Amino acid sequence: MCLAIPTQIQSIDDRRMATVVLGGVEREVSLVMTPEAQVGDYVLIHTGYAISLMDPDEAQASLEAFAELAAIQEGLEGG
Amino acid sequence: MKYIDEFRNPTLARKLIAQMRRAIPAAAPPIHLMEFCGGHTHAIFHFGLRQMLAGQVALHSGPGCPVCVTAAADLDRAIALADAPDLRGRVILATFGDMLRVPGSHGTLQEARARGADVRVVYSPLDALALARQHPAREVIFLGVGFETTAPGIAATLLQAEDEGWPNFSVLSLHKLTPPAMRAILDAGEVALDGIIGPGHVSAVIGSQAWDFLPREYGMACAVAGFEPLDILSAIAALVAAARAGAPAVINRYGRSVQPEGNPAAQAMLERAFAVGPAMWRGFGEIPASGLHLRESLAHRDAARRFPVAVTTRPEPPGCRCGEVLRGVLAPDECALFGRVCTPRAPVGPCMVSAEGACAAHFKYGDTILA
């Protein structure tokens, strides 16, 4: 029920409705809850509304942390 | 897909698991965690994470499946709105697809539809408002089910209906708040836990700091997690570390989507449309201050007030132990009906209906191993 999908904003009209592609299908979603979102940004879509503007720096930081942990583990497995 | 595929890397996942296994001494008792959210339950089973952590980390499914915790009496009322003789033909009941097969006391919405009730499945509450525009002579009632993730969209749609002046759009709000349910579980003390995997998309709205009461009042660690394997494993690793160090805290492991303060615009929508009041939860009974009811200013859009219907609710089906499953007290396969009488094809209780229900996840993916 709380499933939300990250997707990129293709365009925004003057009612803050955005065009996005969800599962290969173009849809209109409301950006009324992400007032700062712009074309090109990724937002989390839930039941036709963007509920969160995604933070690319935080995503990168998480991935780097995973990679670092994996490297430590590789070192342990190798040694 | 960006923000999904890279968080599903199986090689990295295996390394994280190996590291976690190494961090927990072999003789140590297992660390007990609850994943609150049904989306996490589904992902944990889908990716086979339980089996990969077995023996060291025990995962208990919580009540975070809105369909599952909808009380039979509330569902009976929803079905009556679509199916009562004086309303049939006048009402279009719109709801999310998950709700169709959930059993009330006298059957499901799907069965009511087969009898001729006008029940429509929509992807978004905005689609229900579009139905109200298309059918100005009919009453469109949206059956609103869901937690803090879903309720802001319903709030926004209600406010839009108000702005656009469609009098024939109303909502039966069965929306519920998650922190009071978390408190109810911990207050009951029926399941011993070392930490909680916090719901990611609920937290995108209410903020990770909404869980600060867990370490402060209950000494319980909470790691907010996304829904991909690396997200969940990283949250579990954080909870294992917190439990071993005896240092409970709220840890946000879903920083790409969750801010400490949440989404202020979504919270403002909730505030404008809803007032907090008691709600009935399947498995729990009434939990105070856990439901979202339409504000007085929107009373004319409150389907419960506009269309009073009489319902007689029967006790739960004999043998169904969904309530205990929802409280994390009972594992699905400990229920005598599981897999024999109760299957996804012929579900007895709601936990077997919803894809996010613990019983359905257990049935579908019981023995999956991460590929």
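Order of the sequence lines sets the chain letters (A, B, ...), proteins ahead of strands, with each chain counted from 1. Bear in mind that the values here come from a model prediction, so they are computed numbers and not experimental data.
- For the pair A/R27/B/Y123, a side-chain contact is recorded, criterion being any heavy-atom separation below 4.5 Å from C-beta on.
- Both the backbone and the side chain of B/V145 come within less than 4.5 Å of a heavy atom in chain A.
- In terms of non-hydrogen atom pairs under 4.5 Å with chain A, the most contact-rich of B/D98, B/L230, B/L12, B/V258 is B/L230.
- Contact count versus chain B (heavy atoms, under 4.5 Å) is highest, among A/P35, A/P6, A/C2, A/S30, for A/C2.
- Side chains of B/R14 and A/Q73 form no contact here, defined as non-hydrogen atoms less than 4.5 Å apart.
- At a 4.5 Å heavy-atom cutoff, the contact between B/T157 and chain A is made by backbone and side-chain atoms alike.
- Heavy atoms of B/D127 lying under 4.5 Å from chain A belong exclusively to its side chain.
- Side chains of A/M33 and B/M269 form a contact here, defined as non-hydrogen atoms less than 4.5 Å apart.
- Contacts with chain A (heavy atom to heavy atom, under 4.5 Å) involve no residue of residues 172-179 of chain B.
- When each of B/F147, B/F96, B/F227 is scored by its heavy-atom pairs under 4.5 Å with chain A, the top score falls to B/F96.
- Residues of residues 46-65 of chain A lying within less than 4.5 angstrom of chain B, judged on heavy atoms, are A/H46, A/T47, A/G48, A/Y49, A/I51, A/S52, A/L53, A/M54, A/D55, A/P56, A/E58, A/A59, A/S62, A/L63 in numerical order.
- Chain A forms the most heavy-atom pairs under 4.5 Å with one residue out of B/G64, B/G39, B/C37, B/P152, and that residue is B/P152.
- For the atom pair A/L44 CG and B/N263 CG, the distance stands at 10.5 Å (nearest 0.5 Å).
- With sequence neighbours excluded, the residues forming a disulfide (SG to SG under 2.5 Å) with B/C65 are B/C68, listed by chain and number.
- Of the residues considered (B/T149, B/V205, B/L16), B/T149 shows the highest number of contacts with chain A, using heavy-atom pairs under 4.5 Å.
- Identified by a heavy-atom distance below 4.5 Å to chain B, the contributing residues of residues 10-24 of chain A are A/M17, A/L22, in residue-number order.
- The NZ atom of B/K15 lies 12.5 Å from the CD1 atom of A/I72; values are rounded to the nearest 0.5 Å.
- Looking at B/E6, both its backbone and its side chain come within 4.5 Å of chain A, counting heavy atoms on both sides.
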